[in-house]
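Side chains included, hydrogens not; waters and symmetry mates left out as well; all remaining heavy atoms used. In what follows, every chain begins at residue 1, and chains take the letters A, B, ... in the order their sequences are listed.
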Amino acid sequence: MTQTLTRFLYGGDYNPNQWPEDTWTKDIKVFKQADLNSATINIFSWALLEPEEGKYDFSKLDKIIAELSEVNFDIVLGTSTAAMPAWMFKKYPDVARVDYQGRRHVFGQRHNFCPNSKNYQRLAGELVEKLAERYSNNPHIVVWHVNNEYGGNCYCENCQNAFREWLKNKYQTLDNLNHAWNMNVWSHTIYHWDEIVVPNELGDAWGPEGTETIVAGMSIDYLRFQSESLQNLFKLEKRIIKKYDPETPVTTNFHSLPNKMIDYQKWAKDQDIISYDSYPTYDAPAYKPAFLYDLMRSLKHQPFILMESAPSQVNWQPYSPLKRPGQMVATELQAVAHGADTVQFFQLKQAVGGSEKFHSAVIAHSQRTDTRVFKELTALGKKLKKAGPTILGSKTNAKVGIIFDWSNFWSYEFVDGISQDMNYVESILDYYRKFYERNILTDIISVDDDFSKYDLLVAPVLYMVKPGLGEKINDYVKQGGNFVTTYMSGMVNETDNVYLGGYPGPLKDVTGIWVEESDAVVPGHKTTVSLNGQTYNAGFICDLIHSGDAKVLAKYANEFYAGTPAITENEYGQGKTWYVGTRLDHQGLTQLFNHIVLSTGVKSLVGDSHKLEVTKRVTQDGKKLYFVLNMSNEERELPTEFNNYPNLLTGELAQVKMRAWDVQVLVK
Amino acid sequence: MTQTLTRFLYGGDYNPNQWPEDTWTKDIKVFKQADLNSATINIFSWALLEPEEGKYDFSKLDKIIAELSEVNFDIVLGTSTAAMPAWMFKKYPDVARVDYQGRRHVFGQRHNFCPNSKNYQRLAGELVEKLAERYSNNPHIVVWHVNNEYGGNCYCENCQNAFREWLKNKYQTLDNLNHAWNMNVWSHTIYHWDEIVVPNELGDAWGPEGTETIVAGMSIDYLRFQSESLQNLFKLEKRIIKKYDPETPVTTNFHSLPNKMIDYQKWAKDQDIISYDSYPTYDAPAYKPAFLYDLMRSLKHQPFILMESAPSQVNWQPYSPLKRPGQMVATELQAVAHGADTVQFFQLKQAVGGSEKFHSAVIAHSQRTDTRVFKELTALGKKLKKAGPTILGSKTNAKVGIIFDWSNFWSYEFVDGISQDMNYVESILDYYRKFYERNILTDIISVDDDFSKYDLLVAPVLYMVKPGLGEKINDYVKQGGNFVTTYMSGMVNETDNVYLGGYPGPLKDVTGIWVEESDAVVPGHKTTVSLNGQTYNAGFICDLIHSGDAKVLAKYANEFYAGTPAITENEYGQGKTWYVGTRLDHQGLTQLFNHIVLSTGVKSLVGDSHKLEVTKRVTQDGKKLYFVLNMSNEERELPTEFNNYPNLLTGELAQVKMRAWDVQVLVK
Amino acid sequence: MTQTLTRFLYGGDYNPNQWPEDTWTKDIKVFKQADLNSATINIFSWALLEPEEGKYDFSKLDKIIAELSEVNFDIVLGTSTAAMPAWMFKKYPDVARVDYQGRRHVFGQRHNFCPNSKNYQRLAGELVEKLAERYSNNPHIVVWHVNNEYGGNCYCENCQNAFREWLKNKYQTLDNLNHAWNMNVWSHTIYHWDEIVVPNELGDAWGPEGTETIVAGMSIDYLRFQSESLQNLFKLEKRIIKKYDPETPVTTNFHSLPNKMIDYQKWAKDQDIISYDSYPTYDAPAYKPAFLYDLMRSLKHQPFILMESAPSQVNWQPYSPLKRPGQMVATELQAVAHGADTVQFFQLKQAVGGSEKFHSAVIAHSQRTDTRVFKELTALGKKLKKAGPTILGSKTNAKVGIIFDWSNFWSYEFVDGISQDMNYVESILDYYRKFYERNILTDIISVDDDFSKYDLLVAPVLYMVKPGLGEKINDYVKQGGNFVTTYMSGMVNETDNVYLGGYPGPLKDVTGIWVEESDAVVPGHKTTVSLNGQTYNAGFICDLIHSGDAKVLAKYANEFYAGTPAITENEYGQGKTWYVGTRLDHQGLTQLFNHIVLSTGVKSLVGDSHKLEVTKRVTQDGKKLYFVLNMSNEERELPTEFNNYPNLLTGELAQVKMRAWDVQVLVK
């Protein structure tokens with residue numbers, strides 16, 4: 001069940017429990033001054049709510065909720081289970097995570113519970129039960145926020161036992177398991193379930209930093225198992241909340257770039273609504289957060305909650321510059337442009353202590369409102385008040401799907417081979433960027449998504465191809481789909497065993513080629529590729545391709561394989577497949593996509609965007625909202641086709657000159 | 001009680017216990033050939049003195065002391081408690097330190113005792129009792145040298161228990177503690193004293209290397225506690241010695257650049273005389289050791305002991321070049337110029353084994369005296385014999401005080417925020433250098449020192465301002481003092497909680513400004529500042545300043561805050577305060593101090609020093625000793641105002657041409 | 001006893017146990033297509049052979065051996081003891097290694113047994129007994145391959161106890177031990193054997209990465225002890241095999257560049273024949289593998305087995321490029337040129353899983369034979385079939401010996417002193433290269449080898465000189481030998497205690513010089529040396545030399561020691577000694593060796609090799625085989641003196657133009 005919001009939220013994390021009660025009213029007055037309408041509370045209050053086991057104290061939380069309700073704020077209510085009180089570590093040491101080196105954590109930090117600790121599960125469940133029971137009737141609670149930024153693997157004995165059960169369930173017999181993990185290599189054959197040892201720096205770790213693995217099949221299964229274990233915690237809390245409050249949407253906030261420890265796609269079905277904490281680093285190109293927003297929206301093909309973001313600087317980057325004038329408004333609206341139905345900050349009030357005390361906030365340490373940042377927050381509040389109701393619930397219709405798959409994320413970066421520069425996200429971004437720059441809407445989808453609605457399906461480094469996926473892609477192309485894939489694709493099955501008979505294994509048919517060898521480009525060398533009479537640099541990996549009947553679009557221009565195919569195009573059924581055998585540089589890949597986009601008939605939103613970012617959302621009643629964003633520090637010009645469109649944010653007509661970081665939402 | 005030396009010592013660490021007895025007499029003959037008059041002994045002899053618990057053997061030490069006494073050497077007598085015998089680790093494992101990862105050390109190394117081990121305390125006390133009892137009557141013992149280079153934190157259970165007691169004593173109630181450490185953040189609230197866990201890689205560690213901390217208040221208190229714990233060990237030994245020998249000064253040798261684990265200023269009151277081991281790295285600019293000597297001298301505002309230094313190369317740097325001809329003499333006399341009343345080496349005789357066997361010595365492995373180094377040592381001996389008696393006990397009168405504060409050292413480098421380049425010592429050195437290059441005498445003082453004797457008080461990055469310090473600075477300036485402070489000042493109280501109402505908190509009045517935001521300069525970018533019509537580079541942090549009534553001395557010249565104040569000057573009572581909102585480059589800061597020095601009337605020792613280092617010490621009977629040092633590899637010219645002064649080192653008139661590394665001590 | 005092969009082997013590691021039985025026959029057919037004649041099997045099958053303790057299952061291995069025997073393959077039979085089954089870790093945790101941090105390994109990986117575990121020893125012995133008993137009569141087994149790539153130190157309690165016994169045996173008394181390790185430094189004196197603690201990150205570790213050591217004597221003894229402990233494992237297995245099969249040679253495969261954990265020279269006497277796994281990194285200059293092959297050949301002064309090498313790319317380098325066309329043939333024949341009597345690959349068939357699945361193989365994942373690599377393998381097979389019988393058993397006669405000594409390897413890199421750039425192998429390679437480039441045959445020998453057969457003996461950085469070695473060198477030179485040594489030589493005895501009286505200690509006589517000081521060249525500086533009127537760069541260390549009666553060949557040209565000797569030449573008895581006091585650059589060292597080679601009359605194999613590598617092997621019946629290798633990517637020209645020689649690989653006359661990577665074996 002997907003549930004939605006009834007109001008476009010403008011708010012964020014608020015921790016009145018860190019402050020004297022007599023400051024709360026004043027705080028809320030300031031929030032209202034900036035047109036905020038929502039607060040996220042109770043994220044880290046367990047120690048206050050339950051000072052000793054079974055003894056609860058909700059007096060402070062009652063007051064906070066009352067005060068916010070009174071001013072008609074929408075409340076996002078946390079369950080507080082992400083940071084355990086000190087007494088819990090003392091009384092039940094097994095609640096704490098054991099790290100990859102086998103060391104158990106002690107009191108401190110946060111996000112360090114063992115997902116398979118029965119004590120943790122029981123205690124978290126009891127707390128959530130009390131919360132749900134107490135507050136489920138409050139209509140101001142619009143979202144339940146379970147835990148916080150799940151992530152972090154545990155390697156304890158409880159997890160080891162649970163892993164063995166999980167494996168029994170998955171593989172049924174040890175023969176199946178030994179075969180799946182190819183355990184005859186290096187004498188790893190297992191004869192009893194209790195011989196299985198969790199991945200561990202002192203076990204099957206490998207590589208200079210111990211982050212690679214001898215038995216990739218096992219390590220990937222462990223990541224699947226841990227992601228599921230955490231997901232079970234989420235489901236446990238959700239189940240309890242739903243008993244008391246079946247209507248209000250329940251979520252937990254996803255995070256990171258993206259989070260490698262959690263398979264968002266597997267989790268998505270259990271989330272009523274997706275929520276996301278967005279903290280792009282200062283040097284991230286604008287297409288990177290755009291990609292992540294598209295990923296979030298595509299998880300349920302629904303608008304999502306922007307649960308956290310920074311009003312100005314963060315505190316935790318190596319260097320945390322201020323957001324430039326206008327930049328905050330632009331970065332928040334970029335999320336909305338890609339599908340967010342809220343703008344929420346961490347944090348509404350800057351803490352005086354703790355490691356995040358220099359993270360920016362709506363109310364800063366100066367506690368003044370005559371500041372640059374507060375003025376920008378107020379201006380944004382005004383715009384959202386105007387535009388929010390229209391935007392709320394509007395949809396994005398992309399005709400391009402890019403595959404992002406957690407099993408690939410995991411397995412690809414475990415590869416002990418041919419080049420150390422295996423980076424899954426960067427490989428996907430290479431291709432995402434080609435559509436971003438053309439203002440072509442894209443979904444970032446899973447291998448289990450329905451491909452048929454896309455005119456073009458792009459699957460870079462689709463290293464791991466699980467059973468059925470090859471056939472599914474074949475069918476998609478046969479029926480007229482267009483498919484792009486690359487080097488390091490079609491290589492292994494779901495437990496990391498190589499497909500024999502030539503790469504790209506199950507994708508040989510659809511690509512029409514086979515790869516005999518893959519060269520690793522070494523530092524200081526450049527391989528070149530000739531495409532359409534131009535020469536481009538290529539790097540990382542160069543596949544030596546037998547092109548068969550496929551058409552050769554580009555050839556290598558140097559090395560001993562000069563003149564052999566680098567990029568091919570294959571007609572297959574009603575559709576076409578492109579195979580890109582090397583990591584082309586930016587210019588080369590742009591050139592290639594000039595051709596592919598033309599071939600497939602996929603359309604840009606505007607003819608020439610003048611380096612502006614443009615997206616489109618369509619409202620329930622069919623209004624087309626064009627988000628036009630200047631994600632730069634320089635003035636840009638609006639594409640002429642938008643002249644005279646009304647700007648939803650201002651109620652006025654579109655401005656032709658767009659200042660640095662300016663955003664317009666133009667309605668058609 | 002401060003006690004002083006009766007003779008200018010020239011000697012160093014001597015380990016005859018590593019050598020056959022029949023070599024000792026010959027060694028001493030060589031020492032006398034170089035005019036040495038002192039030896040430091042018994043630093044690491046515990047295993048020889050106490051081969052099993054309670055069974056002592058002083059026969060060898062008796063002989064060594066007898067032999068040195070016979071030739072009238074001044075003896076610096078170590079207590080040998082810094083390296084524990086193997087049997088102690090075996091019998092009492094708790095004597096060994098537990099590291100930040102929770103791992104207990106085993107036999108090996110040195111300086112690895114737990115300061116809160118009762119066994120260590122008892123065993124060390126017993127040994128010292130025996131030593132003090134046995135040797136206290138020997139008049140040749142001129143200094144007791146307790147332990148060696150204290151430092152290194154322990155994280156064991158004994159320390160944890162002691163820390164809890166220390167906290168009870170400091171905070172009285174858990175409410176106070178929770179408030180001081182701001183424990184409502186991330187659910188850290190404590191309800192029982194035994195829920196407190198020492199800082200630990202598996203607890204509240206943070207940051208890529210686990211060296212940052214979630215609860216800075218706790219981590220800073222832990223550093224205070226550990227420094228005190230080690231200090232208590234020193235006091236324990238001292239108390240025992242004083243029972244038997246109330247007259248002879250007791251010290252322990254400080255070290256490092258400077259040592260972050262020990263609050264020298266807190267320790268100073270317990271030291272009869274400060275002693276210091278000086279090992280500048282080969283690439284350290286000359287002002288860095290000068291700064292450290294000034295710090296040592298200022299701890300008690302008294303001359304200090306240069307307990308260790310290298311005759312030529314050390315062995316432990318990444319690269320340990322030879323000291324160039326003359327360089328050793330210059331570097332030793334630099335210490336004297338800044339307040340040392342001794343010249344002592346590690347080591348008098350080069351060991352054949354152990355990790356320091358390639359560290360230079362008076363008697364090298366060649367065991368020859370016809371060597372370059374030995375000749376230089378002999379020449380220095382001759383000079384010190386002549387000049388030592390006059391120099392001994394002479395004082396330094398500085399009119400500039402620079403604040404160096406251990407609580408700031410600790411807290412500043414824990415800051416999880418806005419830039420990773422937080423380096424307390426480098427920040428202080430930026431400012432020290434401005435005075436060094438002008439030959440203006442400076443004291444390096446604590447926040448508890450008397451400010452009133454200084455014409456100018458400089459407090460860079462005074463991040464942590466404890467209660468009363470703001471008022472103390474206000475008073476100082478009101479009464480005519482001149483005060484300089486910078487970005488990252490006045491931010492937090494003594495437990496790292498931010499002062500609300502705008503930075504620099506308690507320094508807002510005296511500076512007359514407030515800081516709305518602080519930008520972090522990211523790698524590859526340069527911010528510029530316009531000062532007196534010139535443009536200078538600035539980096540690291542740029543404060544966005546509201547200057548109020550303060551005069552704007554410099555403005556930013558680029559970025560979105562171009563034209564806003566970067567440096568301000570504020571009249572306050574009878575005095576003035578400068579606020580420097582960014583890290584100006586060397587040229588810019590020099591330019592700024594041209595102005596400040598002129599404003600304050602602080603005087604250089606010479607008009608133009610021709611790139612020579614000049615300091616001044618004043619003898620008891622009022623003679624002014626000008627130390628003129630050529631700390632370079634090139635010839636330099638003596639300032640003309642010194643022409644015809646007598647040179648105390650040679651008894652001749654000043655030389656106008658000063659060779660590379662030449663030093664003259666000119667008397668007026 | 002040295003045993004030899006009866007056939008030139010062409011084969012490699014084959015793991016049919018990872019594959020369905022019905023694929024084996026097809027595999028072998030492919031091997032034969034490439035003229036392979038041998039397979040190495042059973043390297044990692046313990047878990048299959050002994051599924052639980054004492055229960056064996058040889059059915060699969062029986063079949064494999066039968067199948068290979070049937071086609072007359074030579075079998076290299078592994079003992080499978082290098083990777084322990086999972087049940088063994090569970091039942092006997094002490095079989096697993098404890099690491100330098102004191103952490104015991106768990107199931108996983110390979111090569112992680114404790115050499116002093118009685119359980120491991122017993123279980124390995126039992127398995128080998130079964131294998132030897134069962135298969136010793138099979139005449140197709142031509143080599144027993146014990147374990148695999150021994151290496152890796154253990155720091156467990158069993159090792160600690162065994163170490164104490166080893167030390168008692170070596171030193172007899174604690175007095176001797178304390179003296180040998182110079183334990184009075186830092187209070188390390190030991191009074192009971194059980195006070196000895198193994199080296200350990202928490203004990204005597206030192207240096208930024210904990211890899212240096214306080215008590216080098218102890219750490220070096222520990223390395224000796226660990227190498228011996230592993231060697232005892234090898235001997236244990238060998239003893240059992242010999243009971244059943246006294247004839248067939250027994251070996252274990254050496255590896256690495258070279259392996260620092262195993263003293264190959266001490267092991268060599270126990271090996272019937274040396275075998276080596278060769279994996280030069282892609283960026284290694286061609287002289288580096290050449291050096292390693294010369295080292296392997298010199299261990300027993302006999303041809304060796306090239307046990308493993310890569311048909312094309314490896315998988316484990318940071319970047320693993322393909323071998324270029326022809327390169328595989330050249331790199332394999334380079335081993336033969338330097339003394340190998342086999343060409344063997346890892347692996348004959350590419351695994352579908354495990355961390356080496358992307359390592360190249362004879363049968364690749366594509367399982368096709370129409371590939372570039374397979375064609376080259378076939379071509380090489382043809383050549384070896386022709387040339388192998390002639391090459392087999394032919395000898396190399398070198399007149400230059402270069403000393404490579406494991407005690408020096410260990411002690412030199414433990415030196416805590418003057419420069420961090422201590423790299424033993426690189427220091428030796430500097431000198432090896434001078435002979436390689438001149439095509440002068442060299443042996444790489446131990447300090448225990450017979451020096452008298454060499455016209456020139458080269459001992460770079462002979463830091464550790466054990467008792468008698470100085471005299472042995474003196475005698476060698478007195479009797480007309482020529483000797484070259486360098487900076488950092490003659491410094492310490494066999495337990496790392498410095499020789500007093502001036503460096504180079506026991507080499508002072510033969511060099512005729514003494515070194516007063518050694519400067520460390522710091523980054524960014526260049527010292528220069530004047531030699532034969534030319535100026536060359538020097539770095540790392542500069543010795544300040546008293547040349548006495550020795551002739552000064554080169555002087556420093558800058559720094560304060562400009563004009564003092566840098567390189568000397570000393571007539572001593574009938575011979576000569578050169579002392580090189582600094583690390584000369586490549587050009588300078590070449591220039592120096594122009595002189596030395598001329599002086600000593602040592603001969604190159606060819607006048608001008610046109611940048612080709614040339615070696616010589618002499619067959620039993622006196623035929624001279626000149627291996628001429630083009631180890632480059634460019635065409636080169638054959639030296640004219642080889643015109644019209646027959647090429648053993650083709651049966652045709654020598655080709656004058658040599659393509660990239662071409663190799664000819666020319667017979668005279």
Side-chain angles (χ1 to χ4, degrees), chain A residues 15 17-19 43-49 51-52 80 82-87 89-90 96 99 101 103-110 112 282-283 312-322 324-325 350-360 364-368 370-373 633, chain B residues 101-102 181-192 194-197 199-208 212-217 415-421 491-493 495-503 505 514-523 525 542 544 559-561:
Chain A
N15 298 297
N17 49 313
Q18 293 173 20
W19 299 87
I43 301 301
F44 295 114
S45 308
W46 199 343
L48 284 179
L49 297 177
E52 63 182 89
S80 263
M84 298 177 284
W87 60 258
F89 289 84
K90 193 175 68 175
D99 71 11
Q101 299 184 44
R103 306 174 307 169
R104 189 174 294 282
H105 277 238
V106 296
F107 171 59
Q109 274 272 16
R110 56 174 187 171
N112 53 0
Y282 72 86
D283 53 357
S312 181
Q313 72 202 140
V314 298
N315 68 296
W316 47 263
Q317 291 183 34
Y319 304 92
S320 300
L322 300 169
R324 273 35 202 161
Q350 205 168 15
V352 300
S355 71
E356 296 178 317
K357 63 179 171 289
F358 292 118
H359 188 109
S360 57
H365 288 145
S366 70
Q367 310 213 316
R368 302 175 68 135
D370 58 348
T371 63
R372 179 181 75 90
V373 170
N633 238 327
Chain B
Q101 298 185 46
W181 291 356
N182 204 42
M183 294 289 261
N184 285 354
V185 171
W186 290 4
S187 185
H188 270 46
T189 323
I190 294 278
Y191 295 99
H192 296 279
D194 68 357
E195 288 168 11
I196 296 164
V197 171
N200 189 313
E201 195 172 297
L202 297 162
D204 257 323
W206 189 249
E212 288 165 38
T213 179
I214 297 302
V215 183
V415 171
D416 187 15
I418 83 173
S419 173
Q420 68 183 3
D421 299 340
M491 302 190 87
V492 298
N493 71 8
T495 51
D496 207 55
N497 292 320
V498 172
Y499 288 111
L500 297 175
Y503 319 123
W514 76 278
V515 174
E516 183 181 324
E517 303 179 85
S518 298
D519 197 23
V521 182
V522 303
H525 286 69
C542 294
L544 277 60
E559 297 299 338
F560 75 86
Y561 37 87

Part of [X] within contact of chain A (heavy atom distance under 4.5 Å):
X        : value
B:Ile190 : side chain
B:His525 : neither
B:Ile196 : neither
B:Thr495 : neither
B:Asn182 : side chain
B:Trp181 : neither
B:Asn493 : neither
B:Val515 : neither

Test your reading of the model: is there a side-chain donor-acceptor pair from [X] to the backbone of [Y], 3.5 Å cut-off?
X        : Y        : answer
B:Tyr191 : A:Ala86  : no
B:Gln420 : A:Gln317 : no
B:Ser187 : A:Ala83  : yes
B:Asp204 : A:Gln109 : yes

[X] to [Y] - nearest heavy-atom pair and separation:
X        : Y        : value
B:Leu202 : A:Arg104 : CD1-O, 3.7 Å
A:Lys357 : B:Val492 : CE-CG1, 4.3 Å
A:Pro321 : B:Ala520 : CB-O, 3.6 Å

With a 4.5 Å cut-off on heavy-atom pairs, point out which of [options] contacts chain B the most.
options                              : value
A:Phe89, A:Tyr282, A:Trp46           : A:Tyr282
A:His105, A:Arg324, A:Gln18, A:Met84 : A:Arg324
A:Gln350, A:Arg103, A:Gln313         : A:Arg103

Under a 4.5 Å heavy-atom cut-off, does chain B meet the side chain of A:Ser80, its backbone, both or neither?
neither
Applying a strict 4.5 Å limit to non-hydrogen atoms, the region of A:Glu52 in contact with chain B is neither
Which of the residues [options] is involved in the greatest number of heavy-atom pairs with chain A at under 4.5 angstrom?
options                                : result
B:Tyr561, B:Tyr499, B:Tyr503, B:Trp514 : B:Trp514
B:Gly203, B:Gly417, B:Pro199           : B:Gly203
B:Gly217, B:Ala216, B:Pro523           : B:Pro523

Can A:Arg372 and B:Glu517 be counted as an ion pair, charged N to O under 4.0 angstrom?
yes
Would you please classify the geometry between the A:Phe107 ring and the B:His188 ring as parallel, tilted or perpendicular, with 30° and 60° separating the classes?
tilted
Can you find a heavy atom in the side chain of [X] that is under 4.5 Å from one in the side chain of [Y]?
X        : Y        : answer
B:Asp421 : A:Tyr319 : yes
A:Leu322 : B:Phe560 : yes
A:Trp87  : B:His192 : no

